[in-house]
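Below: one structure, written as structure tokens.
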Amino acid sequence: MNYSTAEIWIIIALVALGTYLIRFSFIGLIGDRELPQWVLRHLRYTPVAVLPGLVAPLVLWPDATDGNYDAPRLVAAAVTILLGVMFKNMLLAIFGGGATLFVMISLLG
Amino acid sequence: MTTTKRAFLRGIRDGLPFILVVFPFATLFGVVATETGLSALQTFIFSIAVIAGAAQFAAVQLMADNAPVLIVVATALAVNLRMAMYSASIAPYLRGVPFWKRAAMSYILVDQSYAVGLTKFETEPDMSPPERVAYFTGTMMINMPLWYGGTLVGALVGSRIPPEYALDFAVPITFLALVGPMLKTAAHVMAALTSVVMALLLGFVPYDLGLILAAMAAMIVGAQVELMVQRRAS
């Protein structure tokens, strides 16, 4: 990472301000007015639209292996997502995936 | 005991289950952010100013890639756009609440307070506005300090963890663990798949802009699949 200290603070400040304004939007500003159905229909999918795309290259081409495909990380990723889908429990998925990664790495050297 | 105070205490009680998630999640953020190169102070302030785990992780991941400042900000905010929906659905219940209180409540509008708060307001429509404010505030009364504290602990520990512990993969695992429980419907699954495929295809687009384009495409796919499923059902 090579940002200047000022840039890091700017990022933090802008994310904070933007996030606050999003939260404040209807509660504080627009008030008691309904969002159009089509807007709601798109907003519903924002986390699930951003996070998988962010994570995909990290799983397929991890930095730690110089961008080469890496079996332990792929298996750990698969275990994490399966645990998450099956048990709807984020922490369980994190620990399960983390444990898988450690076991795989120690087995395969 | 006044009804407002009782509502506040019930809010605290209903928010308790989340402490199991909030503290470790905050600690993980503290570790990952400092490993990426943020100072302990920056990491701590980040959590206080934003209180939105997924967006904070997204920002830090893009910072590890040295993405341009504006792309980091835009992507983190894209993750948080869902909160506009939360804000809109909570707003009708806060009619008559003083402006400064609504401003303060906006700060603590997170996934957990929204989920618990909205359910309460819907099932108990007779709650007065002050009771609603008290209840909502209660849900975050313990979780918020834990979010700050967990981050601080993680930040102080993180600067001491050697890199060979495969922490590079903590972020992907965290994201995958967040996404898994979100895959509730066919529309969510299709949106997630679109996001993955498009982000990989658009990897060549400069400044990490590909991710934002992929996210837009994924939102549209999610919305369209939802419509199709609805039409078939009716």
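Numbers restart at 1 for each chain; the letters A, B, ... are given by sequence-line order, proteins then strands. Note that the coordinates shown come from a computational prediction; the quantities given were computed from them, not determined experimentally.
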If you compare all heavy atoms of [X] against all heavy atoms of [Y], which two are closest, and at what distance to 0.1 Å?
X	Y	value
B:V50	A:I12	CG2-O, 4.3 Å
A:R23	B:A52	NH2-CB, 3.9 Å
B:M219	A:H42	CE-O, 3.5 Å
B:R82	A:P47	CD-CG, 3.3 Å
A:M1	B:T36	CB-O, 3.3 Å
A:L58	B:P172	CB-CG, 3.8 Å

Quiz item: Is the centre of the B:F25 ring less than 6.0 Å from the centre of the A:F95 ring?
Solution: no
Quiz item: Considering residues, nucleotides and ligands other than A:L29, do more than 12 of their heavy atoms fall under 6.0 Å from its CG?
Solution: yes
Quiz prompt | Within 6.0 Å of CD in A:Q37, more than 12 heavy atoms from elsewhere | solution = no
Quiz prompt | Backbone of A:T19 reached by a side-chain donor or acceptor of B:N80 within 3.5 Å | solution = no
Quiz item: Is a donor on one side and an acceptor on the other found under 3.5 Å between the side chain of A:Y3 and the backbone of B:P68?
Solution: no
Exercise. Could you walk me through whether B:E226 and A:R44 pass side chain to side chain contact (heavy atoms under 4.5 Å, CB included), step by step?
Key: CA-CA 10 Å; B:E226 183 187 314; A:R44 230 188 315 279; 2.7 Å; yes
Do you know which of [options] has the most heavy-atom pairs with chain A at a distance under 4.5 angstrom?
options	answer
B:A199, B:A177, B:A218	B:A177
B:V221, B:V97, B:V196	B:V196
B:A191, B:P24, B:A88	B:A88
B:G37, B:A192, B:G203	B:A192
B:T75, B:V189, B:I51	B:I51

Tell me, side chain or backbone of [X] under 4.5 Å from chain A's heavy atoms, or both, or neither?
X	answer
B:T194	neither
B:I108	neither
B:L81	both
B:I48	neither
B:Q61	side chain
B:L200	side chain
B:A76	side chain
B:L211	side chain
B:A187	both
B:M198	neither
B:I220	both

So which part of [X] gets closer than 4.5 Å to some heavy atom of chain B, the side chain, the backbone, both or neither?
X	result
A:W61	side chain
A:I81	both
A:L60	side chain

Under 4.5 Å, counting heavy-atom pairs only, tell me which of [options] racks up the most with chain B.
options	value
A:I22, A:V55, A:V59	A:I22
A:I27, A:T46, A:I8, A:T80	A:I27
A:L40, A:L17, A:N89, A:L51	A:L51
A:A93, A:A13, A:A56, A:G98	A:A56
A:S25, A:G97, A:P52	A:P52
A:L92, A:L54, A:V39, A:L83	A:L54

Distance in Å, [X] [atom1] paired with [Y] [atom2], rounded so as to fall on 0.5 Å steps:
X	Y	atom1	atom2	result
A:M90	B:L20	CE	CG	11.0 Å
A:Y20	B:L109	OH	CG	10.5 Å
B:L38	A:W9	CG	CH2	8.5 Å

Quiz prompt | Test ring pair (Phe, Tyr, Trp, His ring centres under 6.0 Å) applied to B:F99 and A:F24, step by step | solution = CA-CA 11 Å; B:F99 184 79; A:F24 188 61; 5.7 Å; yes
Quiz item: Going by the angle between their ring planes, with limits at 30° and 60°, are B:H188 and A:Y45 parallel, tilted or perpendicular?
Solution: tilted
